[in-house]
Amino acid sequence: MTKEELKEHCNIEFQSLEKTVSELSSVLKPGKSEYAVAEQAAIATFILNAYGGFENILRHILMFDGLDIKDSPEWHEKLLKKTAELAILPRELVQILSKYLSFRNLLIYSYIFNINPEELNVLAEAMKDVLAKFKPEVDEYIQTI
């Protein structure tokens, strides 16, 4: 993969991420703290989709750098660990993404009505800011390679 191909892949992912975060924002209502189960499922799905986009971008960056971390069941955790080790993202942002990974894991193996609505709201309301912090970090890293 060339640097230009990596940039193009990231641009496509960022377009999808921005659309996902926009759709998430359309479901969230300012000041509303309780949502119906169907609304919670929609919110959770958008969070899951967005986190998947973050992972796709980071995985391609690592592949560009010659690292393939999809060699074990723990590859999601290894992805974030390598991202921090290589300073692709600042540790604070990696810690934030770790919370989304934990949510992803919980959602995949649980029923939506077992998800803590307060945690769901916190993650959903922060997503726009997470994307706003993530994109410039990725852009800056790609400029340096």
Under 3.5 Å donor-acceptor pairs involving side-chain atoms of residues 138-145, not counting sequence neighbours:
| unit_1 | atom_1 | unit_2 | atom_2 | d |
| --- | --- | --- | --- | --- |
| Asp139 | OD2 | Lys135 | NZ | 2.9 |
| Tyr141 | OH | Asp65 | OD2 | 2.6 |
| Thr144 | OG1 | Tyr141 | O | 2.6 |

Side-chain donor-acceptor contacts of residues 23-33 below 3.5 Å, not counting sequence neighbours, with atom names and distances?
| unit_1 | atom_1 | unit_2 | atom_2 | d |
| --- | --- | --- | --- | --- |
| Ser25 | OG | Val21 | O | 3.0 |
| Ser26 | OG | Glu23 | O | 2.6 |
| Lys29 | NZ | Ser26 | O | 3.0 |
| Lys32 | NZ | Glu39 | OE2 | 3.4 |

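Interatomic distance, CG of Leu107 versus CG of Asn114, reported as 11.0 Å (0.5 Å rounding). Rounding to the nearest 0.5 Å gives a distance of 11.0 Å between CG of Asn116 and OG of Ser110. One finds the NE2 atom of His9 at 4.0 Å from the CD atom of Glu13 (value rounded to the nearest 0.5 Å). The line from OG1 of Thr83 to CZ of Arg91 is 10.5 Å long, rounded to the nearest 0.5 Å. In this structure, NZ in Lys82 is found 10.0 Å from CD1 in Ile69, a value given to the nearest 0.5 Å. Considering CG of Leu89 and CD1 of Ile57, their distance stands at 10.0 Å, rounded to 0.5 Å.
The two residues Leu67 and Leu86 come nearest to each other via the heavy atoms CD1-CD1, 3.6 Å.
Alongside Ile108, the hydrophobic cluster contains Tyr109 (criterion: ILVMFWY side chains under 4.5 Å).
At a threshold of 4.5 Å between side-chain heavy atoms, the hydrophobic network of Ile, Leu, Val, Met, Phe, Trp and Tyr places Ile12 and Leu58 in two separate groups. Follow the hydrophobic side-chain contacts under 4.5 Å out from Val122 and you never reach Leu101; the two are in separate clusters. Hydrophobic clustering of Ile, Leu, Val, Met, Phe, Trp and Tyr side chains at less than 4.5 Å, counting indirect connections, unites Leu106 with Leu120. Hydrophobic clustering, with ILVMFWY side chains joined whenever heavy atoms are under 4.5 angstrom apart, groups Phe64 together with Trp75.
Contact check for Ile47 versus Thr20: no side-chain heavy atoms found under the 4.5 Å cut-off. Using a 4.5 Å heavy-atom cutoff, the side chains of Phe134 and Ile96 are not in contact. Side-chain contact check for Arg59 versus Met63: some heavy-atom pair is nearer than 4.5 Å. Contact check for Glu137 versus Pro90: side-chain heavy atoms found under the 4.5 Å cut-off. Gln40 has its side chain out of reach of Ile115: every pair of non-hydrogen atoms, C-beta onward, lies at least 4.5 Å apart. In this structure the side chain of Met127 never reaches within 4.5 angstrom of the side chain of Leu123, judged on heavy atoms.
For Lys3, the NZ atom counts as densely surrounded, since its 6.0 Å shell holds more than 12 non-hydrogen atoms of other residues, nucleotides or ligands. No more than 12 heavy-atom neighbours from other residues, nucleotides or ligands sit within 6.0 angstrom of NZ on Lys133. Around the CD atom of Glu34, the shell of radius 6.0 Å holds no more than 12 heavy atoms that belong to other residues, nucleotides or ligands.
Ring centroids of Tyr51 and Phe103 are separated by 6.0 Å or more, keeping the two rings apart.
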